[in-house]
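So you know, we letter chains A, B, ... as the sequences are listed, proteins then strands, and number each from 1. Given the structure is predicted, the values throughout are model-derived calculations rather than measurements.
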Amino acid sequence: MKHFYLTTAIDYANGQPHMGHAYEKVLADVIARHRRLCGQPVYFLTGLDEHGQKVQQTAEKEGIEPQQLCDRVAGDFQKLCHSLHISHDDYIRTTEKRHKIVVQSVLQKLFEQDEIYLADYQGLYSPRLEQFLQEKDKVDGHWPEEFGEVIEISEKNYFFRLRRYYPWLVHYIKTHPDFIFPHFRAKQVLEFLKDEPNDLCISRPKKRLAWGIPLPFDEDYVTYVWFDALLNYLSAVGYGEEALGHYWPVDIQIIGKDILLPAHTIYWPCMLKALELEMPRTLLAHGWWLVSGSKMSKSTGQVVQPLDYVRLCGADAFRYFVMREMVIGQDCDFSHERFMARYNGDLGNDFGNLVHRLLHMLRRYCGSAIPRGNFSDADDQALRQHWQEILPRISEAYQHFAIHSALELLWEMLRLLNRFTELRSPWSLAKSSRDEDRKKLEATLATLAEGLRLVVNALQPVMPETSRIVLNALGLTSEANLHWDQSLRWSQGLEGRSVGDPSVLFPRVEG
RNA sequence: CGCAGGGUGGAGCAGUCUGGUAGCUCGUCAGGCUCAUAACCUGAAGGUCCCCGGUUCAAAUCCGGGCCCUGCACCCA
């Protein structure tokens, strides 16, 4: 059976993890966890892009070997994954042998197929910065000081015949509306493609850049970093081996909107086409996090690092926040106020407090066991009815990456559970000595427990840790193994289970 | 210039593709409850859905025009 294969972009080793990296991994993780719960075997890949000029330069600046730098940065990013509870199945680094072998075999194959040719590359070059320049690098029509002397040079390089696939690519994008998501991004790509792209220069002379994968057919050159990096999606799942069939084509590739063009919508499809491989099913381009809080931070002398919130409020709270706030594909603003509002309001008040008050009532009124629910009235029916209505919408939202709407629906349910609690007022029923009131009290708590179980199960992809804690508190230990549809059906399965003591899931954080 | 995205009660956002009494969260005001994390529940006030025009029985939504904000190919989620 083919795996559901999804990837994030691989992060570039020249820099520290930031909000965007964290978001992308969480998004991918939520999708991966959801698919697993739906019973699909999932292969979730992320990793690190380690070659190229920037890495070489940074390493030189620090006086260390590039590989040392990469090892350190890889550690930082893996730590990030760990602290966010990312459930990736593989972490690929482009300096690994398994990757280099694939890059070289792909290059050799394309070279033999005449997809790669040698030609003169002409351009403006700054020897001081050791890089090629573009007209747009000019400031007010002049080269900035730091470029030093700018000369026109010509050097031989290898090119990939991208233009060969230009007409095919345009047609493919036009006829595959699900290829690029959100759809409006496809329009942007087609706009870009109105001008025929040039063939892609895939080599760098070793005398200028040594930190890369050598071309198999010319030892004087290394591979251009994008060409190298994109192939990680193939090298991780056994390109050239039988195993590839268990993963390819890749189902979802999650990337930032900035690397959609030209890398993932031009280079990558053309490379795959030349290799006679199927296209990715969906390229999912997300937006950017803007941090407007920097002004506020300056005035208070505090620099707010978004990842500090993981430490402050926990991974699940961070995951909830980024999934709830970001509408897929659009940009979104991060601010302390918004984070705290979501944390204290949504998580603390609506959710955590509901769990707490329910467990407390179960302990106080029912000896910490979930009672039998053999009483039903209009309020109770309405609650079940509501769940029946939103359940397909929640599944649909997960399917279409609208995680924020899935969460919105779940919180709607949580509010209804809080309202139901008020309507039935178990604390009043508990004072009565009538049998009927006792039955009503028990049924109320049973209904609340079941409602909470359903919400928490549907919340698993976004908040795995919290879900586990709450399910355990409801006396369930193996619920995670249940199939998505099965676990989200209203049932009586909780009856008789002994529940945990009330604990505060999301302690209030002031400030 | 052009292209793409956005402009919805005090704040932040859904909704726009598939027209049908404008929805959510926060905030404000009033009330209720006391199981609970100064929490929860109820009610109220508050909107020319950027502007102009068109299509339609009906427009936040479709069409045309205009204004404003943000991005746009070294690298960057």
Side-chain angles (χ1 to χ4, degrees), chain A residues 8-12 14-15 17-28 52-55 57 126 129 131-134 136-137 177 182-192 194-195 197 225-226 254-263 266 285-290 324-327 329-333 335 337-338 340-342 344-365 402 404-405 408-409 411-412 414-430 441 444-445 448 502-510:
Chain A
T8 68
I10 51 175
D11 308 308
Y12 196 50
N14 181 46
H18 60 244
M19 188 68 194
H21 298 116
Y23 168 71
E24 184 170 303
K25 292 190 195 309
V26 170
L27 175 60
Q53 186 158 276
K54 296 274 179 188
V55 170
Q57 282 172 349
S126 158
L129 293 187
Q131 66 184 34
F132 280 96
L133 306 173
Q134 315 257 330
K136 68 174 192 64
D137 291 325
H183 193 247
F184 71 79
R185 294 278 173 212
K187 281 196 261 178
Q188 216 170 340
V189 173
L190 287 170
E191 201 56 45
F192 183 92
K194 277 182 179 167
D195 295 322
V225 67
W226 263 118
I254 298 172
I255 56 176
K257 64 176 186 179
D258 53 312
I259 55 171
L260 190 64
L261 270 173
I266 297 182
H286 65 248
W288 280 3
W289 280 94
L290 314 170
R324 180 65 185 80
E325 286 286 304
M326 182 77 100
V327 176
Q330 312 240 321
D331 291 348
C332 189
D333 214 52
S335 80
E337 287 73 15
R338 285 168 81 161
M340 293 327 297
R342 288 290 180 199
N344 285 323
D346 293 9
L347 297 180
N349 300 346
D350 296 333
F351 180 29
N353 181 56
L354 175 64
V355 173
H356 193 246
R357 71 197 298 209
L358 173 61
L359 291 176
H360 203 267
M361 286 189 283
L362 283 166
R363 182 169 68 178
R364 187 154 158 184
Y365 305 139
H404 75 283
S405 6
E408 197 176 342
L409 289 165
W411 253 255
E412 201 180 296
L414 286 173
R415 291 198 182 90
L416 287 180
L417 291 172
N418 271 317
R419 171 189 286 173
F420 180 74
T421 309
E422 299 297 321
L423 280 172
R424 288 284 183 83
S425 300
W427 47 91
S428 299
L429 296 171
L441 166 67
T444 300
L445 298 187
L448 285 172
S503 62
V504 175
L505 287 175
F506 304 101
R508 194 166 187 86
V509 175
E510 301 296 346

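Here B:G71 is the nucleotide among B:A14, B:G71, B:A77 with the atom lying nearest to any side-chain atom of A:Lys257. Counting only heavy atoms from C-beta on, A:His404 has its side chain closest to B:A14 among B:C75, B:A14, B:A77. Closest to the side chain of A:Tyr12, from the set B:C41, B:C76, B:U37, is B:C76.
If you check every strand for non-hydrogen atoms under 4.0 Å, A:Asn353 touches a base. In this structure, A:Val355 reaches neither bases nor backbone, as no heavy-atom distance under 4.0 Å exists between it and the strands shown. Contacts of A:Gly20 with the nucleic acid, taken as non-hydrogen atoms under 4.0 Å apart, include base atoms. Among the protein residues, A:Gly52 comes within range of no part of the nucleic acid, since none of its heavy atoms lies under 4.0 Å from any strand.
The two residues A:Arg324 and A:His404 have their closest heavy-atom pair at O-CB, 3.5 Å. Scanning both residues, A:Gln188 and A:Leu261, for their nearest heavy atoms gives O-CD1, 4.2 Å. In terms of heavy-atom proximity, A:Ala285 sits nearest to A:Pro182 at O-CD, 3.4 Å. When all heavy atoms are compared, the tightest approach of A:Ala28 to A:Thr8 is CB-CG2, 3.5 Å. Minimum heavy-atom separation, A:Glu325 to A:Arg338: OE1-NH2, 2.7 Å. Pairing each heavy atom of A:Pro426 with each of A:Thr444, the nearest pair is CG-CG2, 3.9 Å.
When the C1' atom is compared between B:A59 and B:C68, the two are found 23 Å apart, to the nearest whole Å. Atom name P, nucleotides B:C62 and B:C72: the rounded distance is 27 Å, in whole Å. As rounded to the nearest Å, B:C29 and B:G9 have C1' atoms that lie 16 Å from one another. Separation of the C1' atoms belonging to B:U16 and B:G5 is 14 Å when rounded to the nearest angstrom. Of the P atoms belonging to B:A60 and B:C76, the separation is 44 Å, rounded to the nearest Å. When the P atom is compared between B:G12 and B:U21, the two are found 27 Å apart, to the nearest whole Å. Separation of the P atoms belonging to B:C69 and B:U25 is 33 Å when rounded to the nearest angstrom. B:G66 and B:G71 are spaced 23 Å apart, taking the P atom of each and rounding to whole Å.
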One pair to check against side chain to side chain contact (heavy atoms under 4.5 Å, CB included): A:Met326 and A:Trp289. What are the steps and the verdict? CA-CA 8 Å; A:Met326 182 77 100; A:Trp289 280 94; 3.3 Å; yes
A:Trp226 and A:Ile259: side chain to side chain contact (heavy atoms under 4.5 Å, CB included), yes or no, with the steps? CA-CA 10 Å; A:Trp226 263 118; A:Ile259 55 171; 3.8 Å; yes
Pull out every protein N or O sitting under 3.5 Å from an N or O of nucleotides 1-5 of chain B, one pair per line with the distance.
| unit_1 | atom_1 | unit_2 | atom_2 | d |
| --- | --- | --- | --- | --- |
| B:G5 | OP1 | A:Lys187 | NZ | 3.4 |

Check: protein-nucleotides 31-35 of chain B nitrogen or oxygen pairs below 3.5 Å:
| unit_1 | atom_1 | unit_2 | atom_2 | d |
| --- | --- | --- | --- | --- |
| B:C33 | O2' | A:Trp427 | NE1 | 3.3 |
| B:C35 | O4' | A:Tyr365 | OH | 3.4 |
| B:C35 | O3' | A:His360 | ND1 | 3.4 |
| B:C35 | O2' | A:His360 | ND1 | 3.2 |
| B:C35 | O2 | A:Arg357 | NE | 3.2 |
| B:C35 | N3 | A:Arg357 | NE | 3.4 |
| B:C35 | N3 | A:Arg357 | NH2 | 2.6 |
| B:C35 | N4 | A:Arg357 | NH2 | 3.0 |
| B:C35 | N4 | A:Glu422 | OE2 | 3.4 |

Protein-nucleic acid N or O pairs under 3.5 Å, nucleotides 23-28 of chain B:
none

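Between the side chain of A:His286 and the backbone N or O of A:Lys257 there is no donor-acceptor pair closer than 3.5 Å. Side chain of A:Trp411 to backbone of A:Asp350: no donor-acceptor contact under 3.5 angstrom is found. With hydrogens and angles disregarded, a donor-acceptor distance shorter than 3.5 Å links the side chain of A:Asn344 to the backbone of A:Val509.
The pairing partner recorded for B:C72 is B:G2, the criterion being a Watson-Crick or G-U wobble arrangement whose two distances lie under 3.5 angstrom. The nucleotide B:G43 finds its pairing partner in B:C29, both defining distances of the Watson-Crick or G-U wobble pair being shorter than 3.5 Å. Nucleotide B:U34: unpaired (no Watson-Crick or G-U wobble partner with both distances less than 3.5 Å). Pairing partner, B:G9: none, since no Watson-Crick or wobble contact has both distances short of 3.5 Å.
Between the C1' atom of B:C41 and the CG atom of A:Leu417 lies a distance of 13 Å, rounded to the nearest Å. Taking atom CZ of residue A:Arg424 and atom P of nucleotide B:C41, one finds them 17 Å apart after rounding to whole Å. The separation between A:His286 atom NE2 and B:C76 atom C1' is 11 Å, rounded to whole Å. Between the P atom of B:C72 and the CG atom of A:Asp195 lies a distance of 19 Å, rounded to the nearest Å. The CG atom of A:Asp258 sits 10 Å away from the C1' atom of B:C75 (whole-angstrom rounding). The CD-C1' distance, from A:Glu412 to B:C13, rounds to 16 Å in whole Å. Straight-line distance from the CD atom of A:Glu510 to the P atom of B:A38: 9 Å, rounded to whole Å. One interatomic measurement links the two molecules: CH2 of A:Trp411 to P of B:A14, which rounds to 18 Å at whole-angstrom precision.
Note on A:Arg419: every side-chain N or O is 4.0 Å or more away from OP1 and OP2 of B:C40. A close approach under 4.0 Å does occur between a side-chain nitrogen or oxygen of A:Trp226 and OP1 or OP2 of B:C75.
At least one side-chain heavy atom of A:Thr421 sits under 4.5 Å from a side-chain heavy atom of A:Met361. The shortest distance between side-chain heavy atoms of A:Val504 and A:His356 falls below 4.5 Å.
Contact annotation: side chain of A:His18 to base of B:A77, donor-acceptor pair present below 3.5 Å.
Under the 6.0 Å cut-off for aromatic ring centres, A:Trp288 and A:Tyr23 do not qualify, their centroids lying 6.0 Å or more apart.
Nearest-nucleotide assignment on RNA chain B puts the 5′-proximal partner with A:Asn349, out of A:Asn349 and A:Ile10. Nearest-nucleotide positions on RNA chain B place A:Leu354 closer to the 5' end than the other of A:Ile255 and A:Leu354.
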